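Counting starts at 1 for both ligands and their atoms, in listed order. Keep in mind that this is a model prediction, so the values were computed, not measured.
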Amino acid sequence: MSAAHSVITIDGPAASGKSSIARLVAQRLGRTYVNTGNMYRAMTWAVLQSGADPQDAAAVRAAAADIVIESPVFDGKTQVRISGHTPTDAELNSDPVNRAVSLVASIAEVRDRLVADQRALAAIGPLVMEGRDIGSVVFPDSPHKIYIDASEEVRASRRGAQGLSDQIAERDRIDKQRKNSPLIIPKGAIVIDNSHITLDQAVDQVIAALQLT
Ligand code: CDP
Ligand code: CDP
């Protein structure tokens, strides 16, 4: 196995701005961007396609065991391919996926598989990886950890402005309270609240906070 490259970890609650910030930080630093939420969303989309009830953990486990997930790199970022199909953004961000994803993501067997895939991605080159447990569980030894926050009102209004209906408070509740890898501020992470700053200002603050040499 090739040596692992360095990983900048970015975690935070739903609609806090993580993906936009992580993508721009990766572009500026010439790193590959990995959106791990899309891996959980793609797995959830495929579980729903199989007809399994997301409330039924045993059925989700059985369905997930048959699903093949890959993360090829295109244009500076990983894509998610699921059993040979590349789900569209509309599929990944659909209402049924928004409603079911935190349930699917709370299942240990699903997390174990995706965490192993995420760790393996560090062999391809320096990464900016974004999600919920990247600094706490996936790469706990990274010296470059960021936690992106924003108030609940700002997050709800940003998601609404994207034209998406999304139960973000409910997803946050499940993500923070689950037993397996709950959303926390990782040890050693720098917290950046971007409720009242622009995307560009948030990216500047992240890059300054990282103190990369
Ligand atoms: O973009 P948004 O913040 O709304 O969500 P996302 O990052 O696409 O993640 C969707 C869901 O996947 C989250 O609500 C979590 O339940 C789960 N997830 C996780 O458990 N661990 C991660 N590293 C990333 C996402
Ligand atoms: O990945 P996550 O769900 O945390 O958030 P996102 O999808 O990156 O951001 C949600 C929306 O907020 C996007 O339309 C961003 O452009 C916007 N945003 C903003 O207007 N100002 C910021 N400081 C951060 C994000």
Subject >> Side chain, backbone, both or neither: I134 near ligand 1, heavy atoms under 4.0 Å >> reply: side chain

Original post:
At what distance is the nearest protein heavy atom to atom 7 (O) of ligand 1, and which residue and atom is it?
Top reply: R132 NH1, 3.0 Å

Subject >> Atom of I148, atom of P13 and distance for their closest heavy-atom approach >> reply: O-CD, 3.3 Å

Original post:
Does a salt bridge link R132 with D172, judged by any charged N lying under 4.0 Å from a carboxylate O?
Top reply: no

**OP:** Check whether any side-chain heavy atom of Q27 sits under 4.5 Å from a side-chain heavy atom of Y33, and report yes or no.
**Re:** no

Original post:
Are any of the side-chain heavy atoms of K187 and P140 separated by less than 4.5 Å?
Top reply: no

Original post:
Under 4.0 Å from any heavy atom of D175, which atoms of ligand 1 are there?
Top reply: 13 (C), 14 (O), 15 (C), 16 (O)

Subject >> Backbone or side-chain N or O of R178 under 3.5 Å from ligand 1 N or O >> reply: yes

Subject >> Side chains of R31 and S6, donor plus acceptor under 3.5 Å >> reply: yes

Original post:
atom 23 (N) of ligand 1: which protein heavy atom is closest, and how many Å away?
Top reply: D133 OD1, 2.9 Å

Original post:
For ligand 1, which atoms, with element, lie under 4.0 Å from some heavy atom of G37?
Top reply: 6 (P), 7 (O), 8 (O), 9 (O), 24 (C), 25 (C)

Original post:
Which residue holds the protein heavy atom closest to atom 5 (O) of ligand 2, what is that atom called, and what is the gap in Å?
Top reply: G17 N, 3.0 Å

**OP:** Write down the atom of L127, the atom of I124, and the distance for their closest heavy-atom approach.
**Re:** CD2-CG1, 4.0 Å

**OP:** Would you kindly say whether D193 and S195 are connected by a side-chain donor-acceptor distance under 3.5 Å?
**Re:** yes

Original post:
Is the backbone N or O of G135 less than 3.5 Å from a side-chain atom of D11, with the two atoms forming a donor-acceptor pair by type?
Top reply: yes

Original post:
Does any N/O atom on I197 come nearer than 3.5 Å to any N/O atom on ligand 2?
Top reply: yes

Original post:
Can you tell which part of Q162 has a heavy atom less than 4.0 Å from ligand 2: side chain, backbone, both or neither?
Top reply: side chain

Original post:
Can you tell me which residue and heavy atom of the protein come closest to atom 24 (C) of ligand 1, and the distance to 0.1 Å?
Top reply: T36 OG1, 3.4 Å

Original post:
With a cut-off of 4.0 Å, which atoms of ligand 1 are near a heavy atom of G131?
Top reply: 23 (N), 24 (C)

**OP:** For atom 8 (O) of ligand 1, state which one of R41, Q118, M129, R111 supplies the nearest heavy atom.
**Re:** R41

Subject >> Shortest heavy-atom approach to atom 15 (C) of ligand 2 - which of S20, G160, A22 >> reply: S20

Original post:
Can an N or O of A15 be found at a distance shorter than 3.5 Å from an N or O of ligand 2?
Top reply: yes

Original post:
Backbone, side chain, both or neither: what part of K18 comes under 4.0 angstrom of ligand 1, heavy atoms only?
Top reply: side chain

Subject >> Nearest neighbour of atom 17 (C) of ligand 2 from the list R155, R171, R158, on a heavy-atom basis >> reply: R158

Original post:
Quick check: does A14 get an N/O under 3.5 Å from an N/O on ligand 2?
Top reply: no

Original post:
N/O to N/O below 3.5 Å, does that happen between R159 and ligand 1?
Top reply: yes

Original post:
If we only count N/O pairs under 3.5 Å, is Y40 in contact with ligand 1?
Top reply: no

Original post:
At a non-hydrogen distance cut-off of under 4.0 Å, which region of I148 contacts ligand 2 (side chain, backbone, both, or neither)?
Top reply: neither

